[in-house]
Student: 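Mind looking over this structure? Questions follow.
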There are 2 protein chains.
Amino acid sequence: MNDHSLTGELLLLKTRRPDTRNELRREALRLFAERGYAAVSMRDIAEAVGVRQGAIYNHFAGKQDLLAALMIEHMETLILALDEALSGESGPIARLQAFVRFHVGYHIDKPDDVFIAYMELRNLEPEGRERVHALRNRYEAVLRDVLAEGLRNGAFRGPDAAVQARALIAMMTGVTVWYREGGRLGRRDVIESYVQITLQSVGIDYPIGGED
Amino acid sequence: MNDHSLTGELLLLKTRRPDTRNELRREALRLFAERGYAAVSMRDIAEAVGVRQGAIYNHFAGKQDLLAALMIEHMETLILALDEALSGESGPIARLQAFVRFHVGYHIDKPDDVFIAYMELRNLEPEGRERVHALRNRYEAVLRDVLAEGLRNGAFRGPDAAVQARALIAMMTGVTVWYREGGRLGRRDVIESYVQITLQSVGIDYPIGGED
DNA sequence: CCTACCGATCGGTAGG
DNA sequence: CCTACCGATCGGTAGG
């Protein structure tokens, strides 16, 4: 009885704080993006959060599970946000413009999430990799469909919707490499620059004159 | 005397083969591209070449030196090849077209070199990183200058030569992610697709009608 | 170029 | 959530 009560008190002082899981996620994300998955140790992550290494295993099954959680949750958030961003838009021109604004804005705001989802796919074990791959294809398909519709109805020009979708996504994602807050161009300028380049790339004048 | 002669013979059987350095380079390149620098051990590289781990240190000062050699030699080769590809071309349109053909073709042909130079910058120690960074800036400046000239003389339209150069390089480099030999589109088709997308992105009709 | 070894560090676990 | 520990593996070196 006495023993039991003492144990209970000790556990109360030392056991899971509610926000530790989120702090682990955040610091793991930051460190993985900075140095790469393989170059970050569980001890590095624990130290950044202020716990001991073993404590991580109260929240995640292991290092691999932590990476998978970061990548899958990111992709699901991204796709939900995209759906919302395009929900009010109709017609290929308006939808393409909305896609670019969303994609570039999101990538400016969450560069670490995006970077990891792109770079660490090869470090994911097959199960997680398949899931992330499928989510990525769904995302790409949204842009491909917009482009295909524009090519079909004559609003856009281009060689191939699939190639153009991949080309444009790579182009826009690249913003994470060079954009820095407080630089020569602000967030809004950068987004509008990509809108112009993208619309021109499908053969549309920008600013839009009197098309479609 | 006897000892000396014996030692000489043993060394002759076991000492540096002339091509081992290149084989180490090649296998290190392949493995770094496949798994990432931090996830590849010196033993992995040695095994791929068919020597023991310690033997690598006869050819490179260490793992870091091996990575630096791969990246710097790649960047220097890339820039020399670019200069040659543009040497016969004058005027922003012809030079832009030649740049795209060169860049996409080179990236299709040497995806591992390119991938490492992009991905492993953060694993390079400051000295090598500075050198690679400077070479990358030189490369980017070539495209930026072409774009700036076209914007100045009215051949191109766009928001900003620096942003457009980065956007286009990211777009073209992305070909390494999806292009596969024997796929739906051949090397030539892919290159011409990127040419069209790029020219349209700077406001030019393609195929080129009667401009400039 | 090999064998044999070094100290350091890794992901993960047991027991409390 | 901590302390203490496990076997495995790491980059690099000595000596031949």
Side-chain angles (χ1 to χ4, degrees), chain A residues 1-25 27-28 31-32 35-70 120 123-125 128, chain B residues 1-25 27-28 31-32 35-70 120 123-125 128:
Chain A
M1 299 292 168
N2 219 326
D3 288 14
H4 187 262
S5 152
L6 178 62
T7 304
E9 273 180 39
L10 282 173
L11 280 173
L12 221 142
L13 286 170
K14 298 199 292 182
T15 215
R16 305 186 188 191
R17 284 177 299 141
D19 47 351
T20 298
R21 188 178 197 276
N22 275 329
E23 290 177 23
L24 286 168
R25 279 192 40 126
E27 294 303 318
L31 289 166
F32 289 164
R35 304 181 206 163
Y37 175 75
V40 175
S41 72
M42 295 299 262
R43 284 163 180 88
D44 292 334
I45 299 167
E47 189 187 9
V49 170
V51 298
R52 299 288 179 167
Q53 176 225 14
I56 300 179
Y57 295 87
N58 294 322
H59 301 276
F60 297 93
K63 196 183 178 187
Q64 178 67 209
D65 179 60
L66 183 46
L67 178 64
L70 291 174
E120 304 294 0
N123 285 315
L124 260 195
E125 282 162 16
Chain B
M1 298 292 169
N2 219 324
D3 289 13
H4 187 259
S5 154
L6 177 64
T7 303
E9 271 178 42
L10 283 173
L11 280 175
L12 220 141
L13 285 171
K14 299 197 295 182
T15 213
R16 306 187 187 189
R17 283 178 301 141
D19 48 351
T20 297
R21 189 178 197 276
N22 275 330
E23 288 177 24
L24 286 168
R25 277 192 42 127
E27 294 303 317
L31 290 166
F32 288 165
R35 305 181 205 164
Y37 175 75
V40 174
S41 72
M42 295 300 261
R43 285 163 180 85
D44 292 333
I45 299 167
E47 189 187 9
V49 171
V51 297
R52 300 287 180 167
Q53 176 225 16
I56 300 179
Y57 295 85
N58 294 322
H59 300 278
F60 296 95
K63 196 184 178 188
Q64 177 68 209
D65 179 59
L66 183 46
L67 178 65
L70 291 175
E120 303 295 358
N123 285 313
L124 261 194
E125 283 163 14

Student: Who are the side-chain contact (heavy atoms from CB on, under 4.5 Å) partners of B:Gln64, not counting sequence neighbours?
Tutor: B:Tyr37, B:Leu124, B:Glu125
Student: So which atom in A:Lys63 and which in A:Val40 form the shortest heavy-atom distance, rounded to 0.1 Å?
Tutor: NZ-O, 2.7 Å
Student: Please give, in whole Å, the distance from C:dA14 C1' to A:Asn58 CG?
Tutor: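 It is 13 Å, rounded to the nearest whole Å.
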Student: What pair of heavy atoms forms the shortest contact from B:Phe60 to B:Arg21, and how long is it?
Tutor: CE2-NH2, 3.3 Å
Student: To the nearest Å, give me how far apart OH (B:Tyr57) and P (C:dC5) are.
Tutor: 18 Å
Student: If you round to the nearest 0.5 Å, how far is CG of B:Asp65 from CD1 of B:Ile56?
Tutor: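 That separation rounds to 11.5 Å.
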Student: Does any part of the side chain of A:Leu66, heavy atoms only, come nearer than 4.5 Å to the side chain of A:Ile45, both counted from C-beta?
Tutor: yes
Student: Take atom NZ of A:Lys63 and atom P of C:dG12, then tell me their distance rounded to the nearest Å.
Tutor: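 Taking atom P of C:dG12 as the reference, NZ of A:Lys63 is at 8 Å.
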Student: Can you measure from CD (B:Glu27) to CG (B:Asn22) and round to the nearest 0.5 angstrom?
Tutor: 11.5 Å
Student: Rounded to the nearest 0.5 Å, what's the gap from CE on A:Met42 to CZ on A:Arg52? Could you check?
Tutor: 15.5 Å
Student: Can you tell me how far the CG atom of A:Leu67 sits from the CD atom of A:Glu120, to the nearest 0.5 Å?
Tutor: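 A:Leu67 atom CG to A:Glu120 atom CD measures 6.0 Å (nearest 0.5 Å).
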Student: Rounded to the nearest Å, what distance is computed from the OH atom of residue B:Tyr37 to the P atom of nucleotide D:dC10?
Tutor: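 Going from B:Tyr37 (OH) to D:dC10 (P), I get 13 Å.
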Student: Under a cut-off of 3.5 Å for both distances of each Watson-Crick or G-U pair, what dot-bracket string does DNA chain D give, using [ ] for crossing pairs and | for inter-strand pairs?
Tutor: ||||||||||||||||
Student: Rounded to whole angstroms, how far apart are CD1 on A:Ile56 and P on C:dC10?
Tutor: 12 Å
Student: In residues 38-46 of chain B, what residues come within less than 4.0 Å of DNA chain C, judged by heavy atoms?
Tutor: B:Arg43
Student: In whole Å, what is the span from the CG atom of B:Leu66 to the P atom of D:dG12?
Tutor: 10 Å
Student: Rounded to the nearest Å, what distance is computed from the CD atom of residue B:Glu47 to the P atom of nucleotide C:dC2?
Tutor: 13 Å
Student: Tell me, which pairs form a salt bridge (charged side-chain N to carboxylate O under 4.0 Å, His left out) where one or both residues lie in residues 37-46 of chain B, sequence neighbours left out?
Tutor: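 The answer is B:Arg35-B:Asp44.
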Student: Without decimals, in angstroms, what is the distance between A:Gln53 CD and C:dC10 C1'?
Tutor: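 Spelled out: CD on A:Gln53 to C1' on C:dC10 is 9 Å.
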